[in-house]
Amino acid sequence: MNKRQALLLALLDADDEGTISGRTRLQKLVFLAQEEFSDDLDTSEYEFYPYHYGPFSKDLLNDIEALEQTGLVSERNIDLQRGEKYIYELEDDGRDELRQFLSTLSPSDRREIEERAELVETNFNDISVSRLLEYVYNQYESYAEESVL
């Protein structure tokens, strides 16, 4: 595990149910955790580029798949009339692994990851995806260039 994966797991852990609903939401929450809040964390963050629904990171998608394969995160998909929706859930092993990893960090790095996750979850996880996208597009216009909306 690395710090950026820890931030991803911490975002899931910050939710009362340990879930994030939707790939688009997941991408935007991680993006905002990196962009909106302190940049004091010494980590190799995800590289985002403009895509169909704003900032997108292939490395983030790869990390979530790797975390799923190791049993730390589960992914469920729900069939909808217009496609599918993915639900990401932090497993007990993922929570344990996160706690173990955080315990190896300096107090400031641990606090930074936990605070970023809490702030993003509190401010953005419960709003609609359309409002989340509107916020991201308004605040980070260059990431809306490839948008299909």
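Values in this document were obtained by computation on a predicted structure and should not be read as measured data.
Among residue pairs with one or both ends in residues 8-27, none qualify as ring-ring contact (aromatic ring centres under 6.0 Å, His included); sequence neighbours excluded. Listed by first and then second residue, the ring-ring contact (aromatic ring centres under 6.0 Å, His included) pairs involving residues 9-33 are F31-F48, F31-Y140, F31-Y143 (not counting sequence neighbours).
Annotation for A14 and A117: closest pair CB-O, 3.8 Å, computed over non-hydrogen atoms. Considering all non-hydrogen atoms of both residues, L7 and A33 come closest at CD2-CB, 3.9 Å. Pairing each heavy atom of Q27 with each of L61, the nearest pair is NE2-N, 4.1 Å. Of all heavy-atom pairs spanning P50 and S142, the tightest one is CG-O, 3.4 Å.
Between the side chain of Q5 and the backbone N or O of N2 there is at least one donor-acceptor pair closer than 3.5 Å. For the pair E36 (side chain) and V120 (backbone), a donor-acceptor distance under 3.5 Å is absent.
Inter-residue side-chain proximity for E45 and E35 is flagged as unmet; no heavy-atom pair is nearer than 4.5 Å. Residues E91 and L72 are not in side-chain contact: their nearest non-hydrogen atoms beyond the backbone lie 4.5 Å or more apart. Looking at M1 and L9, their side chains come closer than 4.5 Å, going by heavy atoms from C-beta outward. Contact check for E121 versus L29: no side-chain heavy atoms found under the 4.5 Å cut-off. Between Y86 and L26, the closest side-chain pair of non-hydrogen atoms is not below 4.5 Å. You'll find the side chain of V73 stays beyond 4.5 Å of the side chain of L8, heavy atoms only.
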When the side chains of residues 99-107 are checked against the rest of the protein, which donor-acceptor pairs come out under 3.5 Å, sequence neighbours left out?
| unit_1 | atom_1 | unit_2 | atom_2 | d |
| --- | --- | --- | --- | --- |
| R99 | NH1 | D13 | OD2 | 3.0 |
| R99 | NH2 | D13 | OD2 | 2.7 |
| S103 | OG | Q100 | O | 2.6 |
| T104 | OG1 | F101 | O | 2.6 |
| S106 | OG | S108 | OG | 3.2 |
| S106 | OG | D109 | N | 3.2 |

For residues 15-22, run the donor-acceptor check on the side chains, cut-off 3.5 Å, and write out each pair with its distance to 0.1 Å, sequence neighbours left out.
| unit_1 | atom_1 | unit_2 | atom_2 | d |
| --- | --- | --- | --- | --- |
| D15 | OD1 | N125 | ND2 | 3.3 |
| D15 | OD2 | E17 | N | 3.0 |
| D15 | OD2 | G18 | N | 3.2 |
| D15 | OD2 | T19 | N | 3.1 |
| D15 | OD2 | T19 | OG1 | 3.4 |
| S21 | OG | K85 | NZ | 3.1 |

Identify each donor-acceptor pair in which a side-chain atom of residues 52-59 lies under 3.5 Å from a protein atom, sequence neighbours left out, and give them as a table.
| unit_1 | atom_1 | unit_2 | atom_2 | d |
| --- | --- | --- | --- | --- |
| S57 | OG | E47 | O | 3.3 |
| S57 | OG | D59 | N | 3.4 |
| S57 | OG | L60 | N | 3.1 |

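Atom CD of E115 and atom CZ of R110 lie 11.5 Å apart (nearest 0.5 Å). With rounding to the nearest 0.5 Å, the separation of CG in N123 from CG in L32 is 9.5 Å.
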(request) For side-chain contact (heavy atoms from CB on, under 4.5 Å), just list the numbers for R25 and L132, CA-CA rounded to whole Å, side-chain angles, deciding distance to a tenth of an Å, and then say yes or no. (result) CA-CA 8 Å; R25 180 179 301 277; L132 180 59; 4.1 Å; yes
(request) Take R23 and Y88, measure what side-chain contact (heavy atoms from CB on, under 4.5 Å) needs, and give me the verdict at the end. (result) CA-CA 8 Å; R23 282 185 174 170; Y88 299 96; 2.9 Å; yes
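Annotation: side chain to side chain donor-acceptor pair (under 3.5 Å) contacts of E89 (sequence neighbours excluded): none.
One hydrophobic cluster holds both L119 and L11 under the rule that ILVMFWY side chains link at heavy-atom gaps under 4.5 Å. Taken together through direct or relayed side-chain contacts under 4.5 Å among Ile, Leu, Val, Met, Phe, Trp and Tyr, V30 and I87 form parts of separate hydrophobic clusters.
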